[in-house]
Number of protein chains: 2
Amino acid sequence: MTDTALMTDRYELTMIDAAMRSGTAFRPSVFEVFARRLPGARRYGVVAGTGRFLERVAEFRFGDAELAALRDGEVVSPELLDWLADYRFSGDIRGYAEGELYFPGSPILVVEGSFAEAVMLETVALSVLNYDSAVANAATRMTRAARGRPVAEMGSRRANEEAAIAAARAAYIAGFAATSNLAAGSRWGIPTMGTAAHSFTLLHDSEAAAFQAQIDTLGVGTTLLVDTYDIEQGIRTAVEVAGTELGGIRLDSGDLAEVAGSARSLLDSLGATGTRITVTSDLDEYAIAGLQASPVDAYGVGTSVVTGSGAPAAGMVYKLVARQGDDGEWVGVAKQSEDKASKGGEKIAVRTLEHDVAVEETVLRSEDGEVPAEAAARGRALQVPLVSGGAIDERWLGAAGVEAARERHAASVDELPADAHRLARGEPAIPTVFR
Amino acid sequence: MTDTALMTDRYELTMIDAAMRSGTAFRPSVFEVFARRLPGARRYGVVAGTGRFLERVAEFRFGDAELAALRDGEVVSPELLDWLADYRFSGDIRGYAEGELYFPGSPILVVEGSFAEAVMLETVALSVLNYDSAVANAATRMTRAARGRPVAEMGSRRANEEAAIAAARAAYIAGFAATSNLAAGSRWGIPTMGTAAHSFTLLHDSEAAAFQAQIDTLGVGTTLLVDTYDIEQGIRTAVEVAGTELGGIRLDSGDLAEVAGSARSLLDSLGATGTRITVTSDLDEYAIAGLQASPVDAYGVGTSVVTGSGAPAAGMVYKLVARQGDDGEWVGVAKQSEDKASKGGEKIAVRTLEHDVAVEETVLRSEDGEVPAEAAARGRALQVPLVSGGAIDERWLGAAGVEAARERHAASVDELPADAHRLARGEPAIPTVFR
């Protein structure tokens, strides 16, 4: 199903209906996506999902099936149904490039259009960004904790089946090397990996027979899962069957630090000095960090990355920050409980740098989205054009968009001060300053 | 996209490839889905996603696009590509009816077929069941904590956009009254709700103008969001504009117990004694329980239900428990670290009752899926046929399947002992006994 336009909270449509009635539906408006805080008291966040969101915008249309569903459900008026039939987003969207880092209050996405056409995108924008960023927020910490050793995402079975594909994509953007998910490979060009599960060994009459079948099919460079029965015997059998050129073994149980150390010694004693060790059992960023001194060559992470490692939604919100009145004047708006002085109005942002190290997330009011020269000179302007007059910038789409996001992420992480990489809870790595 | 067959971990296919090589791929096999424990030390779990899984099975085909992706990625051998082109699941699946409760070790799904055709469904089965059940596991506690007051699911923006639809469905099965998600309404027949957000009030020149527009469009029975500026003034304005027949107000900020009490007093003093109060800010089962004594009429829950309220994946696994050898003999199998005596082999289950109260989850070995008469007499057999010889039982599909699951859930919850409804961490409400 591609009923994207129905991936929407009902109140978005009832609001438009009522605003059409009061003559306010087409007031020029500005919505902003931002996060009030970083989930889990982490040091930085990672914007992920932007490319997927833009693909959703492109297909956000009310076709016959969607209109019939709304008509049958008596959700909206006949007048609104007519308007929806022609709906396509015709405004402008700019925002942080996918893969970019964010901090509390960063204006991650700025959506300009009539109230009606911009409010319509609220639910799908937040669904995409909140989930994908939650995964990237966890993945970036795991990537860093692994200190250059490759990390593979293999959590598909612990996430909704479509979310799993998005998770593989977000983790890859945040530095993971590969995914187990074939659809993520097919849709987004992400490298896929994986060889065998315990069931494969149990299917065969012996572990040796299973290993032989795998090597016959996938070659001696494959990775054998050696812990179905006894790990030491499994490793001996693996080397007997494959020879010392065996590509790798995978360990999926036990105290991994201890098991990996023993496995390395045994492999070396058997002459399999080049055989790599992958570990995979319930890893998260803390477990990975705890294995830094162990002879592990690669990590596989499942549940913790696809569920955001304790923070399964990024907490981003989509708020009206400015709209015109009937007199054509722009009015900055915010709910009473917000700090209106800093939060209302349209904003731009600069990552202010000193000696190429990030020192401040600088957020400025802007009527036109332009970055003042003085601010720009002190760092990097963070917003890029995503949609202009309804036309989506294709740079951010598809597999090319994913690669661009992965590069953006790596470059932005490199700018962070060293403290940003502490895993413990704490303050954001740099302060957000509203100037 | 409907590339369901690629919602699969790569190793499922490489295992089949290697098993075809060793001549074991078509050994008759039995896989079982179960959970080793209840997440969050809860008292019971809720099976959700079964109907969605069956719809995935129906569309699990390798079409030209999927085969091309595998060919281009050099994932599998040409021989396997040929086999995949004709793949459709032709085996049997039985399992717990959707909405049924589960406990540690409950044989939730039993998949029988050749190793190749059954292992293929592992990833998608777990993706669907682990996410949907995680949501239902949280939702059932919220439903119960609300003690008959309606709870609406409005967390779409805090979940992947497709996951959001599944979450709405799972929450409804676990007793929620409605969802904000229009696609969930359209796809699954779930009642949808929602009226307006703060942006609607901010769009207008005054709160009164916004309320008037909403009432003109949605009628006086609508629910007005009264906390954009000052709650007391908001309520006064709401009653001034709507009159005392106003359907409801929504409170989305502040200390809800206090705010709800004040709002009720004010509404009553204004004569709006029938106006209902809905509360919606960051609720979970504990917050709902804390509002039991407050004059709240309805709850709206977002983040916590769609993220499983601290347990975002249900932890179910899909394990080979038996397979035939070349001699035609069945062999019960399990990884070494499992308790092989209790876990290997094909199983059936009975909810053993005394005076209509559940006292034990009885799990028995069975070669044929039949429930012994003696066990059946002591309670309810828990497995139902889902797929027979590849033919899916249509009772479990679509909106009718959702309604059946909702009824099953309610009836099964009614059988639980009273202790099952304590929110605190603890032991499962009934023990699982392998007999």
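Labels below follow one simple rule: chain letters A, B, ... track the order of the sequence lines, proteins then strands, and each chain is numbered from 1. These numbers were taken from a predicted model, which means no experiment stands behind them.
In terms of non-hydrogen atom pairs under 4.5 Å with chain A, the most contact-rich of B:Glu66, B:Gln214, B:Met193 is B:Met193. For the set A:Arg52, A:Met154, A:Gln324, the entry with the most heavy-atom pairs within less than 4.5 Å of chain B is A:Arg52. When each of B:Val135, B:Asp205, B:Val124 is scored by its heavy-atom pairs under 4.5 Å with chain A, the top score falls to B:Asp205. Here B:Ala183 is the residue among B:Gly49, B:Ala313, B:Ala183 with the most heavy-atom pairs under 4.5 Å with chain A. Interface summary for chain B: among A:Ile165, A:Thr222, A:Asp227, the most heavy-atom pairs under 4.5 angstrom belong to A:Asp227. For chain B, the option among A:Leu13, A:Thr307, A:Thr24 with the highest count of heavy-atom pairs below 4.5 Å is A:Thr24. Across B:Pro312, B:Ala197, B:Ala164, the residue that shares the most heavy-atom pairs under 4.5 angstrom with chain A is B:Ala197. Between chain B and the options A:Ile16, A:Asp72, A:Thr179, A:Asp216, heavy-atom pairs under 4.5 Å are most frequent for A:Asp216. Comparing A:Gly194, A:Ser127, A:Ala19 by heavy-atom pairs within less than 4.5 Å of chain B, the highest count is held by A:Ser127.
Heavy-atom distances place the side chain of B:His198, and not its backbone, under 4.5 Å from chain A. In this structure, chain B has no heavy atom under 4.5 Å from any part of A:Ile215. Contact annotation for B:Leu202: both backbone and side-chain heavy atoms come within less than 4.5 Å of a heavy atom of chain A. Heavy-atom distances place no part of A:Asp230 under 4.5 Å from chain B, backbone and side chain included. With a threshold of 4.5 angstrom between heavy atoms, B:Ala163 approaches chain A through its backbone and through its side chain. Only the side chain of A:Ala69 comes within less than 4.5 Å of a heavy atom of chain B; its backbone N, CA, C and O stay farther away. The contact between B:Leu203 and chain A is made by backbone and side chain atoms together, counting heavy-atom distances below 4.5 Å. Only the backbone of B:Met316 comes within contact range of chain A, judged by heavy atoms closer than 4.5 Å. Only the side chain of B:Glu122 has a heavy atom closer than 4.5 Å to any heavy atom of chain A. Only the side chain of B:Leu70 comes within contact range of chain A, judged by heavy atoms closer than 4.5 Å. Looking at B:Ser29, only its side chain comes within 4.5 Å of chain A, counting heavy atoms on both sides. Heavy-atom distances place no part of B:Asp282 under 4.5 Å from chain A, backbone and side chain included. Contact annotation for B:Val128: both backbone and side-chain heavy atoms come within less than 4.5 Å of a heavy atom of chain A. Heavy atoms closer than 4.5 Å to chain B are found in the side chain of A:Phe115, but not in its backbone. If you measure heavy-atom distances from B:Tyr318 to chain A, you find no contacts under 4.5 Å at all. When heavy atoms are compared at a cutoff of 4.5 Å, B:Val75 approaches chain A solely by way of its side chain, counted from C-beta outward. Heavy atoms of A:Leu129 lying under 4.5 Å from chain B are absent altogether. Residue contact with chain A, scored on non-hydrogen atoms closer than 4.5 Å, involves the backbone and the side chain of B:Arg158 alike.
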Kindly determine whether A:Thr217 and B:Asp17 satisfy side chain to side chain donor-acceptor pair (under 3.5 Å), including the steps that lead there. CA-CA 7 Å; A:Thr217 309; B:Asp17 219 352; 5.8 Å; no
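Under the 3.5 Å distance criterion, the side-chain polar atoms of A:Asp9 are left unmatched by any main-chain donor or acceptor of A:Thr123. One N or O on the side chain of A:Thr14 and one on the backbone of B:Thr195 form a donor-acceptor pair closer than 3.5 Å. Side chain of A:Glu153 to backbone of A:Gly155: a donor-acceptor contact under 3.5 angstrom is found. Counting only distance, with no hydrogens or angles, the side chain of B:Arg250 and the backbone of B:Ala196 share a donor-acceptor pair below 3.5 Å.
Note on B:Arg187 versus B:Glu162: salt bridge recorded, some NZ/NE/NH1/NH2 to OD/OE distance being below 4.0 Å. The residues B:Arg27 and B:Asp326 are annotated as salt-bridged, a charged nitrogen and a carboxylate oxygen being separated by less than 4.0 angstrom. The residues A:Arg56 and A:Glu59 are annotated as salt-bridged, a charged nitrogen and a carboxylate oxygen being separated by less than 4.0 angstrom.
Put simply, the residue from B:Lys319, B:Glu12, B:Met15 that forms a side-chain contact (heavy atoms from CB on, under 4.5 Å) with A:Ser199 is B:Met15.
Looking only at side-chain heavy atoms (C-beta outward), A:Asn181 and A:Thr192 stay at 4.5 Å or farther from each other. Residues B:Tyr229 and B:Thr201 form a side-chain contact, since some pair of their non-hydrogen atoms from C-beta on lies under 4.5 Å apart. Looking only at side-chain heavy atoms (C-beta outward), B:Met120 and B:Leu84 come within less than 4.5 Å of each other. Residues A:Arg157 and A:Thr303 fail the side-chain proximity criterion, which asks for heavy atoms closer than 4.5 Å. When side chains are defined from C-beta on, A:Phe211 counts as touching A:Val226, because their heavy atoms get closer than 4.5 Å. Using a 4.5 Å heavy-atom threshold, the side chains of A:Phe60 and A:Thr8 count as touching. Contact check for B:Val76 versus B:Met20: no side-chain heavy atoms found under the 4.5 Å cut-off.
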